[in-house]
Structures are given as C-alpha cells and as structure tokens.
Amino acid sequence: MARISWKEKKKNKEVLEEIGLKHTELLKTIKTRQLAYYGHIRRHQSLQKSIMEGKINGKRQRGRKRKSWLGNIEETTTRRINECCEVALNREEWRRTISSNLWQETEQR
C-alpha cells in the first residue's frame, strides 16, 4: 500500500496515519473480509471446507487452547457456529448478517 519497509522501524500508528486509516476502520475491514470468506467457503465444496470442518487426530499440546478461526467467526457474529453454517448457505442472508453485525459494532464504539 504505502511501500514501507520493515527496516524503517515505524510504529503501526505512524503507518496508519500515512495511509490515512484509523485502527478501527482497519479492524472492520479485516472482519468483513473474514466473514465474507467464511460464507464463500461454506457455500462451495472445496479443500478449504474439508480442512475447516475436519478434526486433527493426535494429542493436544499443553497449555491454553489456541483461538480457532471458527471461534473468531462465532465471536464476531455473536452466533453459534452451527447457526452461522446455516445462514452462510444463503448468500443474501449472510451478507445482511455481516452488514448488520458490523453496523452494531461501530455503534458500540
């Protein structure tokens, strides 16, 4: 975007100011794209869908569980993942869910 090298050692705030974005706008864009991609994966039979829904065999490592991608979807939409799966199959309804969810989020800030 701004062709800023990591060698310049600029802070995130400085980079965002140069680009002309606010931190909240960037997060909103990331969440919107994440939800749109989730809907895309749910509607198509693909390798990504198989991986997303699959379970990994073996033992879990010690310590706190890592946040999962599906957990982030639940957190962003404030719905259970099985509800999200159903809604995402209908493109128009999923788009309304994304836009209404992000509208509520900006209203809270």
Side-chain angles (χ1 to χ4, degrees):
M1 290 172 95
R3 299 208 177 254
I4 299 171
S5 171
W6 63 273
K7 294 177 185 177
E8 294 180 37
K9 297 189 178 184
K10 290 189 174 185
K11 294 186 178 185
N12 289 341
K13 285 184 180 180
E14 294 172 4
V15 173
L16 289 173
E17 286 173 5
E18 276 187 37
I19 296 173
L21 285 176
K22 293 182 181 176
H23 184 67
T24 54
E25 291 174 10
L26 186 60
L27 289 176
K28 184 178 174 183
T29 303
I30 290 169
K31 287 181 181 182
T32 303
R33 289 183 180 181
Q34 183 183 35
L35 291 173
Y37 185 64
Y38 173 74
H40 175 75
I41 289 173
R42 283 295 305 156
R43 285 188 297 276
H44 297 86
Q45 291 294 331
S46 64
L47 178 62
Q48 291 95 339
K49 184 177 178 182
S50 303
I51 291 170
M52 183 178 63
E53 293 174 346
K55 297 284 183 187
I56 299 171
N57 295 330
K59 290 186 175 182
R60 188 178 68 79
Q61 293 181 346
R62 289 175 39 190
R64 181 182 57 157
K65 286 184 178 180
R66 291 186 179 179
K67 260 191 165 176
S68 69
W69 196 71
L70 294 175
N72 286 338
I73 298 294
E74 278 185 339
E75 188 179 305
T76 304
T77 58
T78 63
R79 291 184 177 193
R80 304 285 308 155
I81 198 64
N82 52 357
E83 285 180 55
C84 292
C85 291
E86 294 292 322
V87 174
L89 293 176
N90 182 349
R91 180 180 283 165
E92 279 71 36
E93 191 175 346
W94 184 244
R95 285 182 179 171
R96 276 187 300 233
T97 301
I98 292 172
S99 62
S100 67
N101 180 45
L102 294 174
W103 179 76
Q104 290 172 354
E105 203 170 278
T106 35
E107 196 175 74
Q108 289 175 355
R109 290 184 183 177

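This chain uses plain numbering: 1 for the first residue, then up along the sequence.
Taking both residues in full, the closest heavy atoms of Leu35 and Trp94 are given as O-NE1, 2.8 Å, listed atom of the first, atom of the second, then distance. The two residues Glu18 and Ile4 have their closest heavy-atom pair at OE1-CD1, 3.4 Å. Here the closest non-hydrogen pair linking Gln34 and Ile73 is CG-CD1, 3.9 Å. Taking all atoms of both residues into account, the shortest heavy-atom contact from Cys84 to Arg79 is SG-CB, 3.9 Å.
Among residues two or more places apart in sequence or in another chain, the side-chain contact (heavy atoms from CB on, under 4.5 Å) test is passed with Gln45 by Lys49.
Arg80 contributes no side-chain N or O that, together with a main-chain N or O of Glu74, makes up a donor-acceptor pair within less than 3.5 Å.
Residue Ile30 holds its CD1 atom at 13.5 Å from NZ of Lys28, rounded to the nearest 0.5 Å. Rounding to the nearest 0.5 Å gives a distance of 12.5 Å between CG of Asn72 and OH of Tyr38.
Within a 6.0 Å sphere centred on CZ of Arg33, heavy atoms belonging to other residues, nucleotides or ligands number 12 at most.
Between Thr77 and Glu83 there is no side-chain heavy-atom pair separated by less than 4.5 Å.
Leu70 and Val87 end up in the same hydrophobic cluster when Ile, Leu, Val, Met, Phe, Trp and Tyr side chains are linked at under 4.5 Å.
Partner of Thr32 under the side-chain contact (heavy atoms from CB on, under 4.5 Å) criterion, out of Leu27, Ile98, Thr76: Ile98 alone.
Using a 30° and 60° split on the angle between ring planes, His40 and Tyr37 fall in the parallel class, below 30°.
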